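Taking it in order: structure first as structure tokens, then the write-up.
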Amino acid sequence: MITVVGAGTGGPAGADASPGAPVGASPDSAVGAFADVLAGAELVVGGRRHLEAAAVPGTAERIVLGPLGPALDAIEAYVRAKRRVVVLASGDPGFFGIVRVLAERFGPDRLAVRPGVSSVAAAFARLGLTWEDAVVVSAHGRDLRTAVNVCRAEPKVAVLTGPGAGPAEIGAALRPYARTLVVATALGSPQERLERVTPAEAAERDWGTAVSVVVSLDERRSPGGGARTLAGRGPGPAGWALAEEAFAHRDSMITKFEVRALALARLGPRPGDLVWDVGSGSGSVAVECARLGAAVTAVEKAADGAGRIRANAAAHGVDVHVVHGTAPDALDALDDPDAVFVGGGGRELADVVAACARRARRTVVVALAALDRVPAARAALTGAGFTCDGVLLQSSRLAPLPGDVTRLAATNPVFLLWGVRPPATNEGVAQ
């Protein structure tokens, strides 16, 4: 067996602590609590600070964790010889930790895991907040944009930080958003510190390398009251392609639910994505994408339209970042999206679609009411290297007539085009 000990933040579950001491007051209590495990170890692998604090037998080999490959090879040699191995890790090693790598290499049946308290659990404990309704995302060795987009979309997020993905970078990306960032530094150590800052303040600081976790809070929104049965952001909306009556709109200027249903299917909004809704109008597509977990930026040239989008977003409990401006110029300062919905259909449509196609990482969906706009929009998508497809949507809704009878009422036909970036060219898109 390979025994994996969660040391560091919070110590192990069930470890002794002095009365009244805060969680994590003894950062290496896990090492002491598992002295029995260490006493029989023949190989001990871990971070330098954990090895220095541990009572490692003098006869045991020590390996300081750096590149994982050599350490895993050494562990494998000991396992084959049926010799005892102990791995020291921080916090809960099964939560974005080394358990996944060890299980993939040796199988979960060879692991005996003794978890400590994760840095996320410790951070929320210090804040006095529950975290079953929080979304947790790791930016350690991963693309920061996914973590940022989750922070844009969700009211309560914990981000595990890493080099190049710390509070300054997170704060810089969240400047336009009404968020409070709690930066938890060196959790479980004598240098532990929690600071509440704005994104702008976080962006201007040098935080060093000891940050454990950043908690992003949208204090205007509640993630949802009452008892929870599902951790994280929740199960998602019970329905989508909502009726037009679910949104405030002007003179029926809104993407009809039949069109919206197919547009959402082609956009594929999901947590970690950034979606643009360009020519947003009432913001119905933007709001629906946000309800499905994506971060959304809505671009609208009419001032009253921008206000209407904000009101619709608030009514549905989501955060849509609204840019009052005219495309394509208004797009220049925005982060690159995963998917784009283009509505409207003015003279500049081809230029707008082309500008969106240059920036979109995955797909662009265009809704058009005018037949003569279709060729230019299609050419803009194919000219940007997208594969293009589309349909003409014509639907008739049930409508009552006097005498308890029903007729079919035709809606205006709408062309829906979508362009998909071939996978081979995704690497060339700006990150």
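Bear in mind that the values here come from a model prediction, so they are computed numbers and not experimental data.
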Original post:
Of all heavy-atom pairs between V86 and A41, which one has the smallest distance, and what is that distance?
Top reply: CG2-CB, 3.6 Å
Original post:
Which atom pair, heavy atoms only, marks the closest approach of T297 to Y177?
Top reply: OG1-OH, 4.0 Å
Original post:
Tell me, do F247 and H316 make a side-chain contact under 4.5 Å, heavy atoms counted?
Top reply: yes
Original post:
Is the CZ atom of R110 crowded by more than 12 outside heavy atoms at less than 6.0 Å?
Top reply: no
**OP:** Could you tell me which non-hydrogen atom of D92 sits nearest to which non-hydrogen atom of P115, and how far apart they are?
**Re:** OD1-CB, 3.6 Å
Original post:
Of the non-hydrogen atoms in V150 and P271, which two are nearest, and what is the gap between them?
Top reply: CG2-C, 4.5 Å
Original post:
Knowing that exactly one of R361, R359, R270 qualifies, which makes a salt bridge (charged side-chain N to carboxylate O under 4.0 Å, His left out) with D338?
Top reply: R361
Original post:
Closest approach of H249 and S282, non-hydrogen atoms and distance?
Top reply: CB-CB, 3.9 Å
Subject >> E195 and W207, any side-chain heavy atoms less than 4.5 Å apart >> reply: yes
Subject >> Separation of E244 CD from K256 NZ (nearest 0.5 Å) >> reply: 5.5 Å
Original post:
How far apart are the closest heavy atoms of V215 and A123, and which atoms are they?
Top reply: CG2-CB, 4.4 Å
**OP:** Answer yes when R220 and D319 have at least one side-chain N-carboxylate O distance shorter than 4.0 Å, and no when they do not.
**Re:** yes
Original post:
Would you say R48 has more than 12 foreign heavy atoms packed within less than 6.0 Å of its CZ?
Top reply: no
Subject >> Whether R62 side chain and L51 backbone form a donor-acceptor pair below 3.5 Å >> reply: yes
Original post:
Salt bridge or not for D336 and R145, using N-O below 4.0 Å?
Top reply: no
Original post:
Under 6.0 Å from the CZ atom of R291, do we count more than 12 heavy atoms belonging to anything else shown?
Top reply: yes
Subject >> Distance, nearest 0.5 Å, that separates CG of D73 from CZ of R105 >> reply: 5.0 Å
Original post:
When V182 is tested against each of L194, L129, V197 for side-chain contact (heavy atoms from CB on, under 4.5 Å), which residue passes?
Top reply: L194
**OP:** Ignoring hydrogens and angles, tell me if any N or O in the side chain of T363 forms a donor-acceptor pair with the backbone of A339 under 3.5 Å.
**Re:** no
**OP:** To the nearest 0.5 Å, tell me how far E201 CD sits from R175 CZ.
**Re:** 10.5 Å
Original post:
Under 4.0 Å between a Lys/Arg side-chain N and an Asp/Glu carboxylate O for R196 and E219?
Top reply: yes
